[in-house]
Engineer: 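Starting off with a structure, shown below.
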Amino acid sequence: MAKPKIGVIVGSTRQGRFADHPANWIKEVASQRPEIEVELIDIRDYPMPLFDEATSPAWGPSKNEAAQRWQKKIAEMDGFIMVAAEYNRGPTASLKNALDYAYNEWVRKPVAFVGYGGVGAARAIEQLRLNCVELQMAPTRFGVHILFPVYLAILKEGKKFDEFPEIVSSAKDLLDHLIWWTNTLKTARDKG
């Protein structure tokens with residue numbers, strides 16, 4: 001039986017983004033779990049315009065080629081970890097746009113969040129959880145919230161995430177619950 005596939009979605013597209021640090025770190029941590037396969041998915045690789053399709057992807061196929069590739073990639077995954085920045089108390093427009101460019105591919109799949117910003121992206125993640133519920137996903141309770149002092153220590157001082165016990169503990173909780181939900185929902189989806 002194939003291992004469940006978890007996609008780590010890099011939720012920022014701007015130049016000089018911090019997102020690569022937590023995305024690569026959580027991918028490495030998750031890859032140490034033998035029961036799953038992990039793949040980094042960078043929305044930069046799917047240059048979708050602001051949503052401009054004639055209809056929701058829930059009701060009809062997308063015309064945009066990048067959106068079609070995005071939907072195919074999302075369909076391959078059994079669960080997700082979204083790395084989310086917080087801009088002005090919300091998620092990045094690029095991540096929200098990426099969510100909107102798929103629908104059926106998200107349904108009945110779990111999602112967990114690694115957030116960074118002044119309050120660990122708590123407000124952005126709260127909004128993303130609501131978006132994901134509307135997409136019929138199952139957001140997990142446990143996440144990783146990288147507060148601004150940790151963000152600065154990594155960016156400016158060259159520290160590593162593993163030097164912060166609360167971050168390591170949060171990542172373990174996130175993965176334990178995400179894997180449970182991934183297995184449970186994959187089993188149910190496979191049964192039809």
Side-chain angles (χ1 to χ4, degrees), residues 1-15 17-48 57 62 64-85 91-92 94-116 121 124-125 128-129 131-132 135-140 142-144 146 154 160-162 167-168 170-190:
M1 185 169 155
K3 294 180 188 180
K5 294 172 80 173
I6 302 296
V8 175
I9 297 176
V10 184
S12 173
T13 57
R14 72 177 185 81
Q15 295 301 313
R17 66 187 180 186
F18 179 74
D20 293 321
H21 296 279
N24 288 320
W25 169 74
I26 196 66
K27 179 188 180 286
E28 181 181 315
V29 172
S31 294
Q32 294 171 14
R33 301 292 293 259
E35 61 267 56
I36 57 173
E37 289 182 27
V38 184
E39 180 178 340
L40 196 67
I41 304 172
D42 193 337
I43 57 179
R44 277 185 183 168
D45 297 334
Y46 303 87
M48 297 170 280
S62 294
N64 182 278
E65 182 272 332
Q68 292 170 7
R69 287 190 305 105
W70 172 251
Q71 291 160 359
K72 183 178 177 189
K73 178 52 67 181
I74 297 307
E76 294 173 6
M77 299 297 134
D78 297 303
F80 304 93
I81 300 171
M82 293 185 189
V83 177
T92 63
S94 55
L95 181 52
K96 176 60 169 79
N97 193 54
L99 284 169
D100 291 341
Y101 261 110
Y103 184 82
N104 298 310
E105 299 81 6
W106 298 118
V107 173
R108 296 187 182 113
K109 294 179 182 178
V111 60
F113 300 94
V114 173
Y116 60 93
I125 290 170
L128 288 166
R129 282 187 172 123
N131 299 145
C132 290
L135 292 167
Q136 299 188 57
M137 298 178 79
T140 65
F142 294 92
V144 176
I146 302 163
I154 289 166
K160 305 291 181 207
F161 288 105
D162 294 336
I167 299 290
V168 172
S170 293
K172 182 188 179 312
D173 289 342
L174 177 154
L175 288 166
D176 288 347
H177 288 86
L178 180 65
I179 290 168
W180 187 90
W181 279 104
T182 299
N183 288 328
T184 300
L185 292 173
K186 182 175 177 11
T187 299
R189 284 194 320 275
D190 289 347

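Here, residue 1 is the first one in the sequence, and each next residue gets the next number.
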Engineer: Can you name the nearest heavy-atom pair linking Ala23 to Val8, along with the distance?
Structural biologist: O-CG1, 3.9 Å

Engineer: For Ser31, what residues pass the side chain to side chain contact (heavy atoms under 4.5 Å, CB included) criterion, not counting sequence neighbours?
Structural biologist: Lys27, Val38

Engineer: Kindly give the heavy-atom pair with the smallest separation between Leu128 and Phe113, and that separation in Å.
Structural biologist: CB-CE2, 3.7 Å

Engineer: So, Glu105 side chain and Tyr103 main chain: donor-acceptor pair closer than 3.5 Å or not?
Structural biologist: yes

Engineer: Would you indicate whether the side-chain heavy atoms of Pro22 and Val144 approach each other to under 4.5 Å?
Structural biologist: no

Engineer: Quick check: does any side chain N or O of Thr92 sit under 3.5 Å from a backbone N or O of Gly11, one acting as donor and the other as acceptor?
Structural biologist: yes

Engineer: My understanding is that only one of Asp176, Thr182, Asn183, Thr184 makes a side-chain contact (heavy atoms from CB on, under 4.5 Å) with Trp180; could you say which?
Structural biologist: Thr184

Engineer: Apply side chain to side chain donor-acceptor pair (under 3.5 Å) to Asp78 and list each qualifying residue two or more places apart in sequence or on a separate chain.
Structural biologist: Arg189

Engineer: Measure from the ring center of Trp70 to the ring center of Tyr101 and say whether it is less than 6.0 Å.
Structural biologist: no

Engineer: Grab the two heavy atoms, one from Ile125 and one from Ala84, that are nearest each other, plus how far apart they are.
Structural biologist: CG1-CB, 4.5 Å

Engineer: Which atom names give the shortest non-hydrogen contact between Ala121 and Ala85, and what distance separates them?
Structural biologist: CB-C, 4.4 Å

Engineer: Rounded to the nearest 0.5 Å, how far does CZ of Arg33 lie from CD1 of Ile179?
Structural biologist: 3.5 Å

Engineer: Closer than 4.0 angstrom, basic N to acidic O: yes or no for Glu76 and Lys72?
Structural biologist: no

Engineer: Could you check whether the rings of His177 and Phe142 sit parallel, tilted or perpendicular, using 30° and 60° as the cut-offs?
Structural biologist: parallel

Engineer: With a 3.5 Å distance limit and no angle check, can you tell me whether Ser62 reaches the backbone of Asn64 through a side-chain donor-acceptor pair?
Structural biologist: no

Engineer: Heavy atoms only: give me the nearest Ala98-Ile43 pair and the separation to one decimal.
Structural biologist: CB-CG2, 3.9 Å

Engineer: Can you tell me how far apart CD1 (Ile154) and CH2 (Trp25) are? Round to the nearest 0.5 Å.
Structural biologist: 8.5 Å

Engineer: Do the non-hydrogen side-chain atoms of Leu99 and Met82 ever get within less than 4.5 Å of each other?
Structural biologist: yes

Engineer: Verify side-chain contact (heavy atoms from CB on, under 4.5 Å) between Met48 and Asn97, making sure each step is shown before the conclusion.
Structural biologist: CA-CA 8 Å; Met48 297 170 280; Asn97 193 54; 4.1 Å; yes

Engineer: Let me confirm one number: the NZ-CD distance from Lys172 to Gln32, rounded to the nearest 0.5 Å.
Structural biologist: 13.0 Å

Engineer: Hey, what do you get for CZ (Arg44) to CZ (Arg14), rounding to the nearest 0.5 Å?
Structural biologist: 9.0 Å

Engineer: So Asp45 and Lys73, side-chain contact (heavy atoms from CB on, under 4.5 Å) or not? Walk me through it.
Structural biologist: CA-CA 11 Å; Asp45 297 334; Lys73 178 52 67 181; over 6 Å; no

Engineer: Any side-chain heavy-atom pair from Phe161 and Ile26 closer than 4.5 angstrom?
Structural biologist: no

Engineer: Rounded to the nearest 0.5 Å, what separation is found between the NZ atom of Lys109 and the CD1 atom of Ile74?
Structural biologist: 7.5 Å

Engineer: A side-chain contact here means heavy atoms from C-beta on lying under 4.5 Å apart; do Met137 and Phe80 qualify?
Structural biologist: yes

Engineer: Under the 3.5 angstrom rule, does the side chain of Arg129 hit a backbone N or O of Thr140 as a donor-acceptor pair?
Structural biologist: yes

Engineer: Does the side chain of Trp106 reach to within under 4.5 Å of the side chain of Val111, using non-hydrogen atoms?
Structural biologist: no

Engineer: To the nearest 0.5 Å, what is the distance between CD1 on Ile9 and OG on Ser94?
Structural biologist: 11.0 Å

Engineer: Taking all non-hydrogen atoms of both residues, which atom of Ala112 and which atom of Leu174 are closest, and how far apart?
Structural biologist: CB-CG, 3.6 Å

Engineer: Using the rule given for side-chain contact (heavy atoms from CB on, under 4.5 Å), can you reason through His21 versus Ile146, listing the C-alpha separation, both sets of side-chain angles and the distance that settles it, and then say yes or no?
Structural biologist: CA-CA 11 Å; His21 296 279; Ile146 302 163; over 6 Å; no

Engineer: Between Arg108 and Ala138 (side chain of the first, backbone of the second, donor and acceptor by atom type, cut-off under 3.5 Å), is there such a pair?
Structural biologist: no

